[in-house]
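Data block below; observations after.
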Amino acid sequence: MYKSVVLGSLSLLSLLSAAYGAEHTVKIQHRYLHFPVSHSVDRVRMTLRPEKGEAIPLNIRLTDGTPDYWVFKDVENLKGKKITIEMPDHLKDADLFRQADTIPDQSLIYHEANRPQFHFTTRRGWINDPNGLIWHDGEYHLFYQHNPYERDWENMHWGHAVSTDLIHWQELPTALHPDALGTMFSGTAVIDHDNDSGFGKKSKPAMVAAYTIAAPGRQMQGIAYSLDNGRTFTKYEGNPVIDSKEKWESGDTRDPKVFKYGDHWVMVLNERDGHSFYTSANLRDWEYKSHVTGFWECPDLFELPVDGNPQNKLWVMYGASGTYMLGNFDGETFTPVSGKHRYTAGTGYAAQTFNNIPDSDGRRIQISWSRIGHPGMNFNGMMLLPTELTLRTTKDGPRLASKPVKEVEQLCHSLGRWENLTQEQANEIIRRYNGSDRLRIRLSIELSHATDASLSLGRQRLIDYDMNGNTLNGWFYSPQDPTSMTLDADLYIDRTSAEVFVEDGLFSYSLGRDLNAGTEFSLNGNRLRVPTLEIFAIDSIWD
Ligand code: FRU
């Protein structure tokens, strides 16, 4: 599941130097163009060149043999127009493209054997980081790093899905695609309410996306705007708006997170060894202000009240890894007031929080990519459940907590609640749900005759608590009451993953399920007790 960013640059390099052998011009009469791909052939360079608009360079495992699966491009907005497809010579005679009004195997999509049931995944291809998370006019937008043409990382586009409840998502055509400058790496979206950029109007503000243009050996920042709620974007002709390779002597300058602070815009950008801060009056012209070391990729920065007290706020800054710093921010400089802390661990990476959540809601909502694959599937990666982030006073000072947003509750149906159980009684109850792949188990486990306990699914430990070593599935964990013999956990078990929230979200982790480990639940330890146990069925989001 791990990807190499360098690969993107290399492949683009070869892509730019490509000599195309063959061209096919087709008139678009249907909504989708289908392409056959096979993982047993090398990637070839192909360009989609619409009559008008930008050419899209791609690297694709196009085959004239038996495809492993078909991928597709939504060409609804090109209907009636011609598109020229340039590809290598050896495929010039092959009749490779199909047009259709449905996507390949449409009726099977979302019903495949290893499709996650309540986590967002894409119909086809690869996804990684959430991008441009924003609420606007009643819709949550989830853009994401996407390779629509293969289940592995390549050809970075911004995929796009929308939801009105953060739970049920509708996939839309890709929002940003590779162009002559490079591929589309991670970034943010903002609503330019005051029309500082001049791209929209105050009465109809533009959605402005800031993203990284990944070119060979160089990463630059670009912007694009949408006047139709993110359905289509126009790239700014002045791109790149930041090109800082020389300043940092580094090709790693990426993942702009943009937000408004007072009357200016702030961009937090990962550059070389940490996060830099830039400011702008108009989203086009950016000025460097400061830098904080010790972070890698995908910055986020936001202010939160401690225990909900608006008089006592702190700024939270993180990178892609699940650790964060607390500090103060004056619109140009971040001053840390704490070291690094970890709030989450496991498969999650590159989490981002939503911009533009209405004040009447006021939540800081986050979505994280999860580096989980789904055996045998033609899609890869998924998003973890959306969570609400809060700052809470703990025995160690203010700490970040993350727990599923309240909207997740609509999917959960209680199957029973029990109290004061022995280990045997609890085991008898949870075994009734063996084999379930959509289950939530909320329980507290009380230790007494030893300092470790586990909750397993077959041979795999979903909870593996060592109170003596202070570890939970291998990560350091110290409960709020340091001598507490009780662990409170809330587990969400999906077909290919499990998410575990401990102590009301003060620590959380996610793991990929080992699908060969068995499907029997068991609570293991020496004379454990279970003060509370509640089990919920979870609806599929695709029904
Ligand atoms: C993080 C990341 C980002 C980059 C993107 C490329 O997972 O490496 O830094 O923009 O993925 O897909």
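Along the sequence shown, residues are numbered consecutively beginning with 1. In listed order, ligands and their atoms are each counted from 1.
Within the 4.0 Å heavy-atom shell around ligand 1 one finds D129.
Counting the atoms of ligand 1 from 1 in the order shown, those under 4.0 Å from a heavy atom of S186 are 5 (C), 10 (O). Near M156, meaning under 4.0 Å from one of its heavy atoms, ligand 1 places the atoms 12 (O). Here is the list of ligand 1 atoms found below 4.0 Å of a heavy atom in D255: 3 (C), 4 (C), 9 (O), 10 (O). Of all atoms in ligand 1, listed by their number and element, those nearer than 4.0 Å to a heavy atom of Q145 are 5 (C), 6 (C), 12 (O).
With sequence neighbours excluded, the residues forming a salt bridge (charged side-chain N to carboxylate O under 4.0 Å, His left out) with R124 are D105, listed by chain and number. For D300, the salt bridge (charged side-chain N to carboxylate O under 4.0 Å, His left out) criterion is met by K257, not counting sequence neighbours.
Taking the six-membered ring for Trp, W248 and H291 have ring centres closer than 6.0 Å.
Considering backbone and side-chain N/O atoms, Y349 never comes within less than 3.5 Å of an N/O atom of ligand 1. Checked by distance only, ligand 1 and W153 come closer than 3.5 Å through their nitrogen or oxygen atoms.
Ring geometry for F334 against F277 counts as parallel: the plane angle stays under 30°, on a 0 to 90° scale with 60° as the upper cut.
In this model, a donor atom of one side chain and an acceptor atom of the other lie less than 3.5 Å apart for E503 and Y477.
By the neighbour-count criterion of 12 heavy atoms within 6.0 Å, atom CG of D228 is densely surrounded, having more than that number from other residues, nucleotides or ligands.
Looking at N128 against ligand 1, only its side chain comes within 4.0 Å, counting heavy atoms.
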